Amino acid sequence: MAKTSSNTPPKTPGAIRGTQDIFGPDAEAFAFVTETFERVRKLYRFRRAEMPVFEKTEVFARSIGETTDIVSKEMYSFEDRGGDSLTLRPEFTAGIARAYLTNGWQQHAPLKLATHGPLFRYERPQKGRYRQFHQIDAEIIGASEPQSDVELLAMADQLLRELGITGVTLQLNTLGDADSRDAWRAALVEHFRGVKGELSEDSQERLEKNPLRILDSKDPRDRQFVADAPKIDAFLSDEALAFFEQVTSGLDAAGVAWNRAESLVRGLDYYRHTAFEFVPDEGSAAAAALGSQSTVLGGGRYDGLMESLGGPVTPAVGWAAGIERLAMLVGDKAPDPLEAIVLVENDAGMAAAMQLLSRLRNGGVSADIMATGSPKKRYDKAVKQNPQHILRVDERGYHGMSGEGDNARILAAIEKSSP
RNA sequence: GCGAUCGUAGCUCAGUUGGUUAGAGCGCCGGUUUGUGGUACCGGAGGUCGGGGGUUCGAGCCCCCUCGGUCGCCCCA
């Protein structure tokens with residue numbers, strides 16, 4: 001029993017900042033995305049997995065890197081009653097990696113996994129960015145061959161096509177192996193340090209904390225220095241170059257269009273070789289629909305992650321995509337049509353109407369009932385739901401159907417369960 | 001963390017240089033009409049104009065603070 005200590009009525013609590021209540025066309029689009037993903041991942045034989053939405057904080061802290069802003073400011077962390085620090089998952093990959101190690105899933109390697117669900121990041125909300133958001137996710141763990149990268153990207157490409165999303169292109173880069181990456185990074189630091197005074201304030205800061213990020217600076221002052229910055233290609237080992245060439249030739253063979261993006265980077269050290277994002281083409285409808293947070297699907301190869309979680313060296317590659325962003329691009333989905341509506345013209349026929357309704361539904365016919373409000377207005381309200389057929393019930397019971405088109409399924413449903 | 005912008009009915013929005021009891025459409029409820037595939041009309045309920053303070057004879061409107069939404073920056077695993 002709720003008690004109020006004063007005469008003031010209780011105030012309705014508001015929703016948490018950055019959370020969403022998804023309903024109507026948006027909810028239909030959301031479901032279309034997850035249903036299409038489930039269908040496509042089965043075509044590629046990815047196995048479904050479910051992970052907890054929270055983990056020990058160290059799972060994410062160690063995978064993401066203890067020092068970054070991400071860990072200190074962007075995660076939903078809290079202490080449980082036992083004093084352990086826990087964190088709502090901000091990504092799928094770390095939790096999947098932990099599950100792989102703690103459950104002995106090495107026995108299934110190479111393991112193709114798919115999942116989807118909510119993720120949490122403590123950020124200021126903006127278009128396409130929420131504190132609780134949702135992703136679909138696909139990973140291949142325990143496979144070091146470039147064919148895995150190709151397979152994963154082919155699946156992503158097919159998914160986007162089956163969602164009917166156009167105007168989005170795969171942007172592809174390689175970060176090389178660990179040695180290539182380190183050498184490139186050193187050269188970039190040297191290059192930008194030489195012109196430090198002319199960089200934007202943000203990029204001067206990045207020079208110390210995360211120099212690779214200068215490459216995707218939005219500040220026009222940085223643009224010329226980014227343009228003539230050293231390229232990864234000059235630092236690739238023979239093995240890294242061969243790997244990348246196998247990825248690109250595999251994509252060509254699979255018919256996946258791609259574009260080389262030399263400035264596409266990953267901030268975290270465990271990423272190796274392939275890095276990619278599907279991004280709207282400039283001026284496309286997709287770009288207009290998404291605003292500034294426009295990457296639709298992104299991922300890469302993270303061969304160094306398992307070690308940071310205390311596991312054996314385990315190559316892996318994966319991607320994730322924001323369901324909300326995909327849903328913004330799929331357009332309105334017409335809801336499934338209502339096949340039959342039972343119109344109760346007189347409440348004396350209510351029992352007959354309920355029996356009819358359950359026969360319809362048991363027979364696989366989508367059906368609803370209109371039996372409330374002014375009896376004189378029920379007809380109009382029934383019509384407004386745009387049913388394919390209206391079945392009338394009054395004190396005599398069911399007495400007739402109107403509507404155009406095929407009603408065989410409805411008749412069958414009524415007959416089949418009749419005595 | 002920083003910046004811009006917006007908060008009026010359940011929803012979408014009007015609201016004049018500050019001026020009486022704050023309006024419309026949709027939705028909801030009721031009635032009349034119609035009488036069976038989206039009829040027309042009449043009526044009703046519903047708002048402390050996000051909240052607090054200030055200026056003023058008088059504030060939805062002007063000023064300050066605050067809360068919330070939206071968009072962007074930073075960050076982007």
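Given the structure is predicted, the values throughout are model-derived calculations rather than measurements. Naming: A, B, ... by sequence-line order, numbering from 1 per chain.
- As judged by a 4.0 angstrom heavy-atom cut-off over every strand, A:Lys209 is placed among residues making no nucleic acid contact.
- Across B:rA22 and B:rA4, the matching P atoms stand 34 Å from one another, rounded to whole Å.
- Pairing for B:rG3 goes to B:rC71, judged as Watson-Crick or G-U wobble with the two contacts each under 3.5 Å.
- With A:Leu119 as the partner, the side chain to side chain contact (heavy atoms under 4.5 Å, CB included) test is satisfied by one option alone out of A:Arg89, A:Arg131, A:Gln132: A:Arg89.
- Here the P atom of nucleotide B:rC75 and the NZ atom of A:Lys218 are 9 Å apart, to the nearest Å.
- Taking side-chain N and O atoms only, A:Arg17 has a distance below 4.0 Å to OP1 or OP2 of B:rG69.
- A sub-4.0 Å separation between OP1 or OP2 of B:rG72 and a side-chain N or O of A:Gln126 is present.
- Toward the 5' end of RNA chain B, the nearer of the two residues A:Ser292 and A:Phe120, judged by each one's closest nucleotide, is A:Ser292.
- Among the atoms of the strands shown, none is found under 4.0 Å from any heavy atom of A:Tyr122.
- Nucleotides B:rG52 and B:rC67 place their P atoms 15 Å apart, quoted to the nearest Å.
- Atom pair A:Arg131:CZ and B:rG68:P shows a separation of 10 Å (rounding to whole Å applied).
- Atom OH of A:Tyr270 is separated from atom P of B:rC76 by 12 Å (rounded to the nearest Å).
- A:Arg266 places its CZ atom 11 Å from the P atom of B:rC76, with the value rounded to the nearest Å.
- A:Ser180 places a side-chain N or O within 3.5 Å of a backbone atom of A:Ser237 that can act as its donor or acceptor partner.
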Original post:
With the sugar-phosphate defined as primed atoms, P, OP1 and OP2, and the base as all remaining atoms, what B/S/- string results for nucleotides 34-41 of chain B, 5' to 3', for protein heavy atoms under 4.0 Å?
Top reply: --BBBB--

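- The distance from atom CG of A:Leu264 to atom P of B:rC76 is 13 Å, rounded to the nearest whole Å.
- Among the atoms of the strands shown, only primed sugar atoms or phosphate atoms (P, OP1, OP2) are found under 4.0 Å from some heavy atom of A:Arg206.
- Within the nucleic acid shown, A:Glu74 comes within 4.0 Å of at least one base atom, counting heavy atoms only.
- Residue contacts shown for A:Glu205 are absent, as no nucleic acid heavy atom lies under 4.0 Å away.
- Taking the six-membered ring for Trp and the full ring otherwise, A:His134 and A:Phe30 have centroids separated by under 6.0 Å.
- Checked against side chain to side chain donor-acceptor pair (under 3.5 Å), A:Thr274 has the following partners two or more places apart in sequence or in another chain: A:Asp149.
- Taking the P atom of each, B:rG44 and B:rG1 are spaced 50 Å apart, rounded to whole Å.
- Nucleotides B:rG27 and B:rU39 have their P atoms positioned 11 Å apart, rounded to a whole Å.
- OP1 or OP2 of B:rC73 lies within a sub-4.0 Å distance of a side-chain N or O belonging to A:Gln293.
- The side chain of A:Lys127 contributes no N or O atom lying less than 4.0 Å from OP1 or OP2 of B:rG72.
- Between A:Phe78 and A:Phe54, the ring-plane angle classifies as parallel under the 30° and 60° cut-offs.
- Nearer the 5' end of RNA chain B, as judged by each residue's closest nucleotide, is the contact made by A:Pro125, out of A:Pro125 and A:Asp202.
- Whole-Å rounding puts the A:Leu290 CG to B:rC71 P distance at 12 Å.
- In this structure, of B:rG68, B:rU70, B:rC74, it is B:rC74 that holds the atom nearest to the side chain of A:Arg129.
- B:rA40 and B:rU32 make up a base pair, with Watson-Crick or G-U wobble contacts both under 3.5 Å.
- Between the NZ atom of A:Lys381 and the P atom of B:rG30 there is a distance of 7 Å, rounded to whole Å.
- As the counterpart of B:rG10, B:rC26 is assigned, both hydrogen-bonding distances of the Watson-Crick or G-U wobble pattern falling under 3.5 Å.
- For the pair A:Glu208 and A:Lys196, the salt-bridge criterion is met [side-chain N within less than 4.0 Å of a carboxylate O].
- To the nearest whole angstrom, the two P atoms, one in B:rC61 and one in B:rU16, are 11 Å apart.
- Comment: A:Asp177 does not engage A:Arg181 in a salt bridge, judged by the lack of any side-chain N to carboxylate O separation of less than 4.0 angstrom.
- Rounded to the nearest Å, the gap between the C1' atom of B:rU34 and that of B:rC42 is 15 Å.
- Checked for salt-bridge contact, A:Glu50 and A:Arg48 meet the test: a charged N lies under 4.0 Å from a carboxylate O.
- Between the NZ atom of A:Lys73 and the P atom of B:rC73 there is a distance of 17 Å, given to the nearest Å.
- A donor-acceptor pair shorter than 3.5 Å cannot be found between the side chains of A:Ser85 and A:Glu79.
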